[in-house]
Amino acid sequence: MNKKLDTDEVKNLYKAVVSLKSEEECMAFFEDLCTINEILSLSQRFEVAGLLREHWTYLDIAQKTGASTATISRVNRALNYGTDGYDTVLNRLKAEERE
């Protein structure tokens, strides 16, 4: 974990997210916690991650999602050099689709 994020407050936030039991609870929590633009930005980054894993080009991703090349590059860097958070979730969602 990034040392800047190793605080009790951040850990409590993560515990709160893990405690959510449904998509409805998650939606309510994030709508209270974040601004609309923050939620849209997070969802855009997650969509970009999925498209990068499907080997889409930056240009095609930018056209489909409206993400800037800087955002796409940041997500790509996280996919390649990050903590595997995107891959963990993308793989779980893909496994759920197959069930």
Side-chain angles (χ1 to χ4, degrees):
M1 175 185 281
N2 183 317
K3 290 184 183 197
K4 292 180 182 178
L5 298 177
D6 191 13
T7 68
D8 289 341
E9 294 82 6
V10 171
K11 289 175 185 175
N12 284 336
L13 174 62
Y14 294 156
K15 287 177 186 175
V17 171
V18 171
S19 78
L20 299 169
K21 306 250 188 271
S22 68
E23 188 174 326
E24 290 78 19
E25 286 184 3
C26 191
M27 288 170 51
F29 180 71
F30 276 90
E31 284 185 36
D32 286 349
L33 180 67
C34 301
T35 66
I36 291 171
N37 284 337
E38 288 168 334
I39 294 170
L40 293 173
S41 292
L42 292 169
S43 65
Q44 181 186 64
R45 288 181 205 155
F46 188 63
E47 182 178 11
V48 167
L51 296 174
L52 284 167
R53 279 297 179 240
E54 292 175 6
H55 307 291
W56 283 48
T57 67
Y58 276 34
L59 179 60
D60 290 338
I61 293 170
Q63 289 175 341
K64 179 173 182 3
T65 66
S68 68
T69 55
T71 295
I72 298 166
S73 180
R74 180 186 329 146
V75 171
N76 193 46
R77 195 168 39 256
L79 284 168
N80 291 316
Y81 305 106
T83 59
D84 295 327
Y86 280 123
D87 282 328
T88 297
V89 175
L90 290 169
N91 290 335
R92 284 187 186 152
L93 291 175
K94 191 175 282 189
E96 287 177 12
E97 287 177 9
R98 289 190 294 255
E99 292 178 355

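Keep in mind that the numbers below use all heavy atoms, side chains included, and drop hydrogens, waters and symmetry copies. Since this is a predicted model, take the numbers as computed values, not measurements.
Between Ile39 and Cys34 the shortest heavy-atom distance is CG1-CB, 3.6 Å. Val48 and Ala67 make their closest contact through CG2-CB, 3.8 Å (heavy atoms, listed as atom of the first residue, atom of the second, distance). Across all their heavy atoms, Val75 and Leu52 have their closest contact at CG1-CD1, 3.9 Å.
Under the side chain to side chain donor-acceptor pair (under 3.5 Å) criterion, no residue pair touches residues 89-99, with sequence neighbours excluded. Among residues at least two apart or in separate chains, salt bridge (charged side-chain N to carboxylate O under 4.0 Å, His left out) pairs with a member in residues 33-56 are Glu47-Lys64, Arg53-Asp87.
A 4.5 Å side-chain heavy-atom check between Tyr14 and Leu5 finds at least one atom pair inside the cut-off.
In this structure, Leu42 stands alone, with no Ile, Leu, Val, Met, Phe, Trp or Tyr side-chain heavy atom under 4.5 Å from its own, directly or through other members. The hydrophobic cluster of Tyr81 has no other members, since no ILVMFWY side-chain heavy atom comes under 4.5 Å of it.
With sequence neighbours left out, the side chain to side chain donor-acceptor pair (under 3.5 Å) criterion links Thr71 to Ser68. By the side chain to side chain contact (heavy atoms under 4.5 Å, CB included) test, Thr69 is found to be paired with no residue, residues two or more places apart in sequence or in another chain being considered. For Asn12, the side chain to side chain contact (heavy atoms under 4.5 Å, CB included) partners two or more places apart in sequence, or in a different chain, are Lys15. Scored by the side chain to side chain contact (heavy atoms under 4.5 Å, CB included) test, Ala78 finds Tyr86 as partners (sequence neighbours excluded). When the side chain to side chain contact (heavy atoms under 4.5 Å, CB included) test is applied to Leu59, the partners found at least two apart in sequence or on another chain are Thr57, Gln63. Partners of Asp8 by side chain to side chain donor-acceptor pair (under 3.5 Å), not counting sequence neighbours: none found. With sequence neighbours left out, the side chain to side chain donor-acceptor pair (under 3.5 Å) criterion links Asp84 to no other residue. Listed by chain and residue number, nothing satisfies the side chain to side chain donor-acceptor pair (under 3.5 Å) test with Ser41 (two or more places apart in sequence, or in another chain).
The line from OG1 of Thr83 to CG of Asn2 is 9.5 Å long, rounded to the nearest 0.5 Å. The distance from atom NE2 of His55 to atom CD1 of Ile61, rounded to the nearest 0.5 Å, is 11.0 Å. Interatomic distance, CZ of Phe46 versus CG of Leu93, reported as 5.0 Å (0.5 Å rounding).
Of the possible polar contacts, one joining the Ser19 side chain to the Ala16 backbone as a donor-acceptor pair under 3.5 Å is found.
Tracing side-chain contacts under 4.5 Å through hydrophobic residues (I, L, V, M, F, W, Y), one reaches Phe30 starting from Leu13; they form part of the same cluster.
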